2 protein chains.
Amino acid sequence: MKKHKDLLQVLKANNMRITPARRFLLQFILDSKKHAGIKTGQITLKSITRFMEKILPGVNRSSIYRNIEAFKKLDIIQEISLPSGSFFQYVFDCKVHHFYICKSCGKASVGNEKLFNKIEAALKDIHGFAKANLSIVFYGYCSKCGH
Amino acid sequence: MKKHKDLLQVLKANNMRITPARRFLLQFILDSKKHAGIKTGQITLKSITRFMEKILPGVNRSSIYRNIEAFKKLDIIQEISLPSGSFFQYVFDCKVHHFYICKSCGKASVGNEKLFNKIEAALKDIHGFAKANLSIVFYGYCSKCGH
DNA sequence: AGTGCTATTGCAAAATGTTGCAATAAACCC
DNA sequence: GGGTTTATTGCAACATTTTGCAATAGCACT
Ligand SMILES: [Mn+2]
Ligand SMILES: [Mn+2]
Ligand SMILES: [Zn+2]
Ligand SMILES: [Zn+2]
């Protein structure tokens, strides 16, 4: 798990300036597990905006959006998109993510870890996909709704 | 592959009225493979809007959005969401979808069918996920960008 | 065909995202 | 600290999406 300082270095290494908005956004991302009301590792745009407007009153919405995009490009966070909306994850968590979304009832559940590891290995073999930070989203029908 | 008539029955069975906007939207979904400029089975919001405004001049945008949502709920179409945007698929196509999204370069590619079938089988065993209309999105690093 | 019920639409306002540009301020050198 | 460079911000205009509500129209029943 990287520290705040390390991430600031990532910015510098990419010719990006360290502004208050970016400091706080990094802090929020790193602390996201501690915040109440946020599912482990899942950062929503709403939660970011709430935090930023509180800690930096008057911050412009476009700056928030642009910094989120910038952090995505730097691979500090990744965006996971689901039909119900999207959220962000801190990439250096190195936590694998593996969702099942039922197309009928919409229920999202976390997958079986053993199966995930198998798929991960097969993916690397066949497609050359690197193992780190792989995320998978399955869309199907759960046993309750299944055809 | 269902026909237009069958889908109208789906609407009726769900206490929904058959309006011109819905007729045409259904038609567009069923015909989407024939339309030029649309990748097989991938219907975008833009393509829907273009079609609807042409065939039903003056149709309100909110009606288009609401009917798309309604058809999703009826499971006539499904929305596939990627960080770069989302698109819709006609569910009764029963075509499986299987994407690789590189988190670094953003490239999306279609997966190996054999591997997909294996995963599909395993998913059914372990999670009770039904085989029909399964879609998978993998987020990782391609061999070019991989760590 | 006419009537009643209510799902659907259009409309207007609000909310949410995006973009070009000029003012600002972070970073670096002296 | 003062001066220079230019990445970043705020702002305003625009585009897209969502929402409440009143008018409309699909449909069932006579
Ligand atoms: Mn949506
Ligand atoms: Mn976006
Ligand atoms: Zn379900
Ligand atoms: Zn790549």
Side-chain angles (χ1 to χ4, degrees), chain A residues 4-5 7-29 43-74 76-77 79-88 106, chain B residues 4-5 7-29 43-74 76-77 79-88 106:
Chain A
H4 199 233
K5 253 187 171 174
L7 291 179
L8 294 180
Q9 286 312 311
V10 173
L11 296 197
K12 286 200 175 178
N14 284 79
N15 194 29
M16 290 173 64
R17 292 176 184 177
I18 298 176
T19 64
R22 287 179 178 166
R23 262 181 216 290
F24 287 129
L25 182 53
L26 280 184
Q27 178 195 317
F28 184 74
I29 291 166
I43 305 162
T44 62
L45 175 61
K46 274 235 186 321
S47 71
I48 291 175
T49 305
R50 232 185 346 256
F51 175 79
M52 291 300 289
E53 288 180 345
K54 186 177 175 186
I55 205 163
L56 209 62
V59 64
N60 195 275
R61 212 152 3 121
S62 57
S63 296
I64 297 178
Y65 289 123
R66 285 189 277 224
N67 282 329
I68 289 174
E69 285 309 304
F71 286 10
K72 275 167 63 180
K73 283 220 181 75
L74 290 182
I76 292 174
I77 55 176
E79 184 173 358
I80 302 290
S81 303
L82 307 177
S84 54
S86 72
F87 59 89
F88 305 95
Chain B
H4 199 233
K5 255 189 171 174
L7 292 180
L8 294 181
Q9 286 310 312
V10 173
L11 296 197
K12 286 201 174 177
N14 284 79
N15 193 29
M16 290 173 63
R17 292 177 183 174
I18 298 175
T19 63
R22 288 181 177 164
R23 262 181 215 290
F24 287 129
L25 182 53
L26 281 184
Q27 179 195 316
F28 184 74
I29 291 166
I43 305 162
T44 62
L45 175 62
K46 276 236 186 320
S47 71
I48 291 176
T49 304
R50 230 185 347 254
F51 175 79
M52 291 300 290
E53 288 180 345
K54 187 176 176 186
I55 205 162
L56 207 62
V59 64
N60 196 274
R61 248 199 309 281
S62 58
S63 296
I64 296 178
Y65 289 122
R66 285 189 278 224
N67 282 328
I68 289 174
E69 285 309 305
F71 286 9
K72 276 168 62 181
K73 283 217 181 76
L74 290 182
I76 292 174
I77 55 176
E79 184 171 358
I80 301 290
S81 303
L82 309 176
S84 54
S86 72
F87 58 90
F88 306 95

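Chain identifiers are assigned alphabetically (A, B, ...) following the order of the sequence lines, protein sequences preceding nucleic acid strands; residue numbering begins at 1 within each chain. Note that the structure is a prediction, hence the values are computed from the model and not measured.
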Tell me: CG of B:Leu45 to C1' of D:dT18, nearest whole Å? 13 Å
Judged by atom type as modelled, is there a donor-acceptor pair below 3.5 Å linking the side chain of B:Asn14 to the main-chain atoms of B:Met16? no
Is a donor on one side and an acceptor on the other found under 3.5 Å between the side chain of B:Thr49 and the backbone of B:Leu45? yes
When rounded to whole Å, the CG to P distance for the pair B:Leu25 and C:dT8 reads 13 Å
Starting from P on D:dA7, measure out to CG on A:Asn15 and report it in whole angstrom. 6 Å
Using a cut-off of strictly less than 4.0 Å, decide whether A:Tyr65 has a side-chain nitrogen or oxygen near OP1 or OP2 of C:dT18. no
Considering all heavy atoms of both residues, which atom of B:Phe51 and which atom of B:Phe24 are nearest to each other, and what is their separation? CE2-O, 3.4 Å
Would you kindly give the CE-to-C1' distance between A:Met52 and D:dT8, to the nearest whole Å? 13 Å
Separation of atom CD1 in B:Ile64 from atom C1' in D:dT19, rounded to whole Å: 17 Å
B:Arg22 side chain to B:Arg17 backbone, donor-acceptor under 3.5 Å: yes
Rounded off to whole Å, could you give me the CZ-to-P distance for the B:Arg17 and C:dG4 pair? 15 Å
Please report the shortest heavy-atom distance between B:Met52 and B:Leu25, naming the atom on each side. SD-N, 3.9 Å
For nucleotides 9-14 of chain C, just jot down a letter per nucleotide in 5' to 3' order: B, S or -, based on protein non-hydrogen atoms under 4.0 Å. BBB---
Please work out if A:Lys46 contacts a base, only the sugar-phosphate, or nothing of the nucleic acid, heavy-atom cut-off 4.0 Å. sugar-phosphate
If I compare all heavy atoms of A:Ile68 with all of A:Ile77, which pair ends up nearest, and what's the gap? O-CD1, 3.9 Å
For B:Arg23 and B:His4 the tightest heavy-atom approach is O-NE2, 3.2 Å
Could you check how far CG of A:Leu11 sits from C1' of C:dA25, rounded to whole Å? 16 Å
Can you measure A:Arg50 atom CZ to C:dA15 atom P for me and round it to whole angstrom units? 16 Å
Atom pair CD/NZ of A:Gln9 and A:Lys12 - distance to nearest 0.5 Å: 6.0 Å
At 10 degrees resolution, what angle do the end axes of the helix from C:dA1-D:dT30 to C:dC30-D:dG1 form when each is taken over five base pairs? 30°
Residue pair A:Ile48 / A:Phe88: nearest heavy atoms and the distance that separates them: CD1-CD1, 4.2 Å
